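These figures come from a predicted structure and were not determined experimentally. Computation of the quantities below employed the complete heavy-atom set of this structure, encompassing side-chain atoms and omitting hydrogens, waters and symmetry-equivalent molecules. Within every chain, numbering begins at 1; the chains are lettered A, B, ... in the order of the sequence lines, protein sequences first and strands thereafter.
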Number of protein chains: 2
Amino acid sequence: MTDDARSAAPAVGRSGLTMPHAPTLEEVARRAGVSRSTASRAINGGLKVSPAAQAAVDAAIAELNYTPNRAARSLVTRRTDSVALVVPEPDERVLTDPYFAGTLQGITAALDPTDIQLVLLIARRGEEAKRTTRYLLNRHVDGAVVVSHHRDDALDQVLHDSRLPTVFVGRPWAAAGDVAFVDVDNEHGGRIATEHLIKAGCTRIATIAGPLDMAAGLDRLAGWRSALHEAGLSDEAMARGDFTSAGGAAATERLLAAYPDIDGIFAASDLMAAGALSVLARHGRSVPGDIKVVGYDDLGVATSTAPPLTTLRNPVVEMSRAAGELLLAKITGGDQEVVPRIFHAELVVRESA
Amino acid sequence: MTDDARSAAPAVGRSGLTMPHAPTLEEVARRAGVSRSTASRAINGGLKVSPAAQAAVDAAIAELNYTPNRAARSLVTRRTDSVALVVPEPDERVLTDPYFAGTLQGITAALDPTDIQLVLLIARRGEEAKRTTRYLLNRHVDGAVVVSHHRDDALDQVLHDSRLPTVFVGRPWAAAGDVAFVDVDNEHGGRIATEHLIKAGCTRIATIAGPLDMAAGLDRLAGWRSALHEAGLSDEAMARGDFTSAGGAAATERLLAAYPDIDGIFAASDLMAAGALSVLARHGRSVPGDIKVVGYDDLGVATSTAPPLTTLRNPVVEMSRAAGELLLAKITGGDQEVVPRIFHAELVVRESA
DNA sequence: CTGTTAGCGCCTTCAA
DNA sequence: TTGAAGGCGCTAACAG
């Protein structure tokens, strides 16, 4: 064993102060009285290691408070033990949306039993987006979960072509059938919401749609449409929103101006519904008396509005957790069938409708 | 130059399909007609590199779409080019709070001009927390930003002792004066809020306090107290909340039961204020007629309540951005003075008070 | 079951 | 200004 001066003296940082020297495998092995390889084997799986050696290594690890150097390990295993959460959207909108928080929570839960770290990738447009793409393509992570995906970020194609293990939260645009994803049945949700309004006696039902370059926006709108068609009602009263409260408020103003006689509104998100409520209050329309309102998501805001919102419970956390687990399976298990897992939204009735 | 078979054939993944082979520095150098060292120098800073060589390397990089392998680089530079955002809280609460979204946005903005990645560390209690601590201590990141820090997670001490560059968002408990942090003047904010209620004619002013094991909770409470003392009013009517809407609602119920004659409420967060509004409505108390309400944060929810909340604008994004920039400075600049940056919250008057 | 031996891709002295 | 050579800490054959 060559005596290495480096391992004797603690490293000295820029400041000139001694820095705690992270223990290496070498030191663990030495302390355990075994070779590096044996120590390594004891750490990874422990196969073909005698109980004695295993115990010695375990003890050394505990005493030294050792953690493997990820960089060194990555270099040889060609795995990074990290996955990316890709958010292809610049603005505060996404981050502020409780939907995003739910996603984070679900994925974190899925990753929890592993030692895999979550790297956040906010993929701004243009030049920035290219940087993100390159980062992903050059395998700086073992896989990616994409959330809040829009039609024109070519993320689905790019990631599909790259063969980087990827799972979308929410149906991707292109390459469907070939790209793994989890989703809720948004069309069904939109239909349920609208049917609830119909059953409650509404006959002039408007919708505040989400962004139509997102699958969720499109699908919920389609659900609203099909319920109205089935009931023989008009599907004229549609205004686009952007999933934000302000957008919902603006859309409501437009709806009231164009269709003053509406008696029901299906908003494609609770945030937009909240915006609608405030505008309706300002216009002196009572809810649910004059106009009934149904939202979508039930991620917290629905209970803090006045009146509380009837809405569809969007199982975001469960869904994202499934996405995380699916990704884990893809990473460790290699390619396997991509059967999208579809969750269902449930109607939660409160005062607003 | 030894001919390496590996670089000729694309790697084959588990699935048996060819995988895109990430280009290496070796390939860039070969293509540019220079040595690895020159290529490396051209990539990092470009000092002592002839314009011709520089250009050749740049071209090769572009053609190959090359990105340095972070693991290999980390191994030798002993930097990871990643920083952690540490959230020492298990529950959904934190993630759902718009405060967290703001933090994320601010830090992301600070990191944007660099190539540093953000790693999310959700530090659950107990065993999990130890794993997080070890991860941090063993320098798997170059630095850390800690948000939503509680008294009993010993994060401040641990991180301070470890000498890992760290910045707290919100005043840490221990080691103050020695640990870098950014904060808003919460006591001042609490005072302003309360003074607004006093000026509006309230004389029996309650507060819904935040968690008292968090600096923000404590400081806002202190501000409320001092304003009341100054005005010669009672500071009896206090109920604890937990920064959530549900907690705010419960606290309000308790307040109304114990102090039925209150005419003003200062809630230490908008979420709690929203909960208060719904309870007040249920009890038939009009806002601001019977009871005036002031919240704290103005991160979106204040405008979607009925009535919209008078509140204190908490500059979370700016503050977190400052935290990120401070961290960057600490990482690159070595130890430097720790002058906490204190931001100020501004009163935003809306209908509720 | 264990130790020896080679690199993983990159940066960095050291000579030229 | 450039290239050759060594090594960061770890895993993975390959012998024993």
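As judged by a 4.0 angstrom heavy-atom cut-off over every strand, B:Leu25 is placed among residues touching the sugar-phosphate backbone only.
Side-chain atoms of B:Asp156 and B:His160 include no donor-acceptor pair closer than 3.5 Å.
Heavy atoms only, all atoms of each residue included: B:Val34 and B:Ala39 are closest at CG2-N, 4.0 Å. When every heavy atom of A:Leu326 is checked against every heavy atom of A:Ala180, the shortest pair comes out as CD2-CB, 4.2 Å. Closest non-hydrogen pair, A:Ile122 versus A:Thr132, comes out as O-OG1, 4.3 Å. Scanning both residues, A:Val49 and A:Thr38, for their nearest heavy atoms gives CG2-O, 4.4 Å.
Within the 4.0 Å cut-off from OP1 or OP2 of C:dG9, at least one side-chain nitrogen or oxygen of A:Arg78 is found.
In this pair, A:Phe168 and A:His149 present their aromatic rings perpendicular. The plane angle is above 60°, beyond the 30 to 60° band.
Distance B:Glu26 CD to C:dC8 P: 10 Å, rounded to the nearest Å. Taking atom CZ of A:Arg139 as the reference point, atom P of C:dC8 lies 19 Å away to the nearest angstrom. As a whole-Å value, the separation of A:Arg79 CZ from D:dA12 P is 11 Å.
Rounded to 10 degrees, the angle between the two end axes of the helix from C:dC1-D:dG16 to C:dA16-D:dT1 is 40°, with five pairs used at each end.
For residues 110-122 of chain B, the set of pairs meeting the salt bridge (charged side-chain N to carboxylate O under 4.0 Å, His left out) definition, not counting sequence neighbours, comprises A:Arg124-B:Asp112, A:Arg131-B:Asp115. Residue pairs meeting the salt bridge (charged side-chain N to carboxylate O under 4.0 Å, His left out) criterion with at least one partner in residues 34-55 of chain A, sequence neighbours excluded, are A:Glu26-A:Arg36.
Contact annotation: the side chain of A:Val147 never approaches that of A:Val94 to less than 4.5 Å [non-hydrogen atoms, C-beta and beyond]. Looking at heavy atoms from C-beta onward, B:Tyr135 lies in side-chain contact with B:Val141 at the 4.5 angstrom threshold.
Between the side chain of A:Thr166 and the backbone N or O of A:Leu164 there is at least one donor-acceptor pair closer than 3.5 Å. The main-chain N or O of A:Ile116 is never found under 3.5 Å from a side-chain atom of A:Ser82 such that the two would form a donor-acceptor pair.
Electrostatic pairing of B:Glu27 and B:Arg31 does not count as a salt bridge here, judged by no charged N lying under 4.0 Å from a carboxylate O.
Contacts of residues 35-44 of chain B with DNA chain D (heavy atom under 4.0 Å): B:Ser35, B:Arg36, B:Ser37, B:Thr38, B:Arg41. Residues from residues 61-76 of chain A lying near DNA chain C, meaning a heavy-atom separation below 4.0 Å, are A:Leu75, A:Val76 in numerical order. For the segment residues 49-60 of chain A, the set of residues with a heavy atom within less than 4.0 Å of an atom of DNA chain C comprises A:Val49, A:Ser50, A:Ala53, in numerical order.
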